[in-house]
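This report refers to the structure that appears directly beneath it.
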Amino acid sequence: MHGAGRCAVGMVDHGADGGINMESSARNRFIQSLLTVIMLIYFAFALFPIVWMVLISLKSQPELFTTKFVFKPTIESYKAITIGLKYLKGTGSFRPDFPRFFLNSIIISTASVAISVIVGVPAAYALARFKFPGKENLAFTFLSFRFAPELSVIIPLSILYRRFGLYDTYVGIIWVYQLITLPLLIWVLRGYFEDISTEIEQAAMTDGYTYWEVFWKILLPLIRPGLAASALLAFVFAWNNFIFAMILGGGKVQTVTVAALSFLASEQAHYNQMAAASLISAVPQIILALIIQKSLVRGLTFGAVKG
């Protein structure tokens, strides 16, 4: 009798535990489903501006100011800014020379990042490894160039550029872009060098490596993810800069960010062509991000889980 009672109680307890587990599992599935729905809604919300820009770029001029999602798509906007004639038939306006401005952006952004890498990597290493008077003040000065408002220096720079013949030149724009790209590279890479133990360098020198061999063959490969991530971010900031390119550049070195305003003509606004130009100008940044995707992810997460 007592044995039968214990068995019955055990069966009741087991059944209760099973019911609790099923209820907990159902609750977890509901929470996961709810989180998935929320993420999909947020994804659609975040992606909608890009989708809307694509739709605008595929609309003709008469359909431009309608909110219809169903329309006859056309690539005339892309033809007009790439291979079309400078004079737009039926509109009475001239289109900007977008291919040349696109090439200007590639030249200026690439050269700016390249110079920043050449100068910034040794500077970051020096700030991370060496001790000298005023080191932190110097590092903060570099950082201040990055967060200082561009409008605070644009007037004296404009005066100096016109006086020394740097206005509307590649050299002038690339030089001033160092205020954007160089501080970013120095501060990001300084953290990477500080995360690398000095014992690695000492062990390499014990094995016969010279000082420069340690730097080029050991340290640079170790910071490659961070270098890729910071270089890409610097390229994006340089590519998207507007103030310096607009004030210190003219028709010769005009970039795509400034050229986008040219589609807003006085007699008619060509929003479809502006959307097409914006989408095309985003292509180099997307391609670079895809090429260095692995290094970019490692670079952005490096040191985030240090013990």
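We use all heavy atoms of the structure for the numbers below, so side chains are in, but hydrogens, waters and symmetry mates are not. The shown structure was predicted, so the numbers you read here are calculated from the model rather than taken from an experiment.
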Inter-residue atom distance [X].[atom1] - [Y].[atom2], 0.5 Å rounding:
X: Ile173; Y: Ser112; atom1: CD1; atom2: OG; answer: 9.0 Å
X: Tyr167; Y: Ile247; atom1: OH; atom2: CD1; answer: 8.0 Å
X: Ile180; Y: Leu185; atom1: CD1; atom2: CG; answer: 12.0 Å
X: Ile200; Y: Ile218; atom1: CD1; atom2: CD1; answer: 8.0 Å
X: Leu157; Y: Arg162; atom1: CG; atom2: CZ; answer: 12.5 Å
X: Leu222; Y: Leu227; atom1: CG; atom2: CG; answer: 12.0 Å

Testing the basics here: between [X] and [Y], what is the closest heavy-atom pair and its distance to 0.1 Å?
X: Ala124; Y: Phe193; result: C-CD1, 3.9 Å
X: Phe142; Y: Pro183; result: O-CB, 3.0 Å
X: Gln285; Y: Leu232; result: O-CD1, 4.4 Å
X: Leu279; Y: Ser57; result: CD1-OG, 3.7 Å
X: Ser278; Y: Ser281; result: O-OG, 2.7 Å
X: Ala234; Y: Thr181; result: O-CG2, 3.5 Å

Would you say the side chain of [Y] lies within less than 4.5 Å of the side chain of [X], judging by non-hydrogen atoms?
X: Tyr42; Y: Ile38; result: no
X: Phe145; Y: Leu182; result: no
X: Tyr125; Y: Phe130; result: yes
X: Val121; Y: Leu220; result: yes
X: Tyr78; Y: Leu58; result: yes
X: Leu184; Y: Phe237; result: yes
X: Pro99; Y: Asp97; result: yes
X: Phe244; Y: Glu150; result: yes

Answer yes if [X] and [Y] sit in the same cluster of Ile, Leu, Val, Met, Phe, Trp and Tyr residues linked by side chain heavy atoms under 4.5 Å apart, and no otherwise.
X: Leu34; Y: Leu40; answer: no
X: Ile118; Y: Trp212; answer: no
X: Leu151; Y: Leu261; answer: yes
X: Leu47; Y: Leu55; answer: yes
X: Phe43; Y: Leu35; answer: no

> Under the side-chain contact (heavy atoms from CB on, under 4.5 Å) criterion, do Ser60 and Asn272 qualify, and how do the steps go?
Replying inline: CA-CA 7 Å; Ser60 60; Asn272 49 355; 5.8 Å; no
Is it true that atom [atom1] of [X] has more than 12 heavy atoms of other residues, nucleotides or ligands lying nearer than 6.0 Å?
X: Lys252; atom1: NZ; result: no
X: Phe242; atom1: CZ; result: yes
X: Leu103; atom1: CG; result: yes
X: Tyr170; atom1: OH; result: yes
X: Phe215; atom1: CZ; result: yes
X: Phe132; atom1: CZ; result: yes

>> Applying side-chain contact (heavy atoms from CB on, under 4.5 Å) to Leu248 and Asp168, what does each step give before you reach the verdict?
In response: CA-CA 6 Å; Leu248 302 179; Asp168 199 18; over 6 Å; no
>> We want to know whether Arg29 and Ser33 form a side-chain donor-acceptor pair, criterion being a heavy-atom distance below 3.5 angstrom.
In response: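 No, because no side-chain N or O of Arg29 sits under 3.5 Å from a partner of the opposite role on Ser33.
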>> Between Gln178 and Ser116, is there a side-chain donor-acceptor contact under 3.5 Å, judged purely by atom types and distance?
In response: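 Checked: Ser116/Gln178 side chains pair up, N/O donor to acceptor below 3.5 Å.
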>> Does the plane of the ring in Trp175 sit parallel, tilted or perpendicular to the ring in Tyr161? Use 30° and 60° as the thresholds.
In response: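 Rings of Trp175 and Tyr161: tilted, as their planes differ by 30° to 60°.
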>> Check the orientation of Trp52 and Phe48. Use parallel for under 30°, tilted for 30 to 60°, and perpendicular for over 60°.
In response: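 The arrangement is parallel - the two ring planes meet at less than 30°.
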Report yes or no: does [X] contribute a side-chain atom to a donor-acceptor pair with the main-chain N or O of [Y] at less than 3.5 Å?
X: Ser144; Y: Thr141; result: yes
X: Trp187; Y: Ala139; result: yes
X: Ser105; Y: Val256; result: yes
X: Glu194; Y: Gly191; result: no

>> Quick one, Leu160 with Leu166, criterion side-chain contact (heavy atoms from CB on, under 4.5 Å). Give me CA distance, side-chain angles, the key distance, then yes/no.
In response: CA-CA 8 Å; Leu160 291 174; Leu166 294 174; over 6 Å; no
>> What verdict does the ring-ring contact (aromatic ring centres under 6.0 Å, His included) test give for Trp239 and Phe102, after you've listed the backbone C-alpha separation in whole Å, the side-chain angles of each residue and the deciding distance to 0.1 Å?
In response: CA-CA 10 Å; Trp239 184 278; Phe102 187 84; 5.6 Å; yes
>> Looking at Glu201 and Lys217, is any side-chain nitrogen of the basic one under 4.0 Å from a carboxylate oxygen of the acidic one?
In response: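 Not counted as a salt bridge, because no side-chain N and carboxylate O are separated by less than 4.0 Å.
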>> Under the criterion side-chain contact (heavy atoms from CB on, under 4.5 Å), I'd like the reasoning laid out for Ile196 against Arg129: C-alpha separation, chi angles, the key distance, then a yes or no.
In response: CA-CA 10 Å; Ile196 299 174; Arg129 285 289 187 264; 3.9 Å; yes
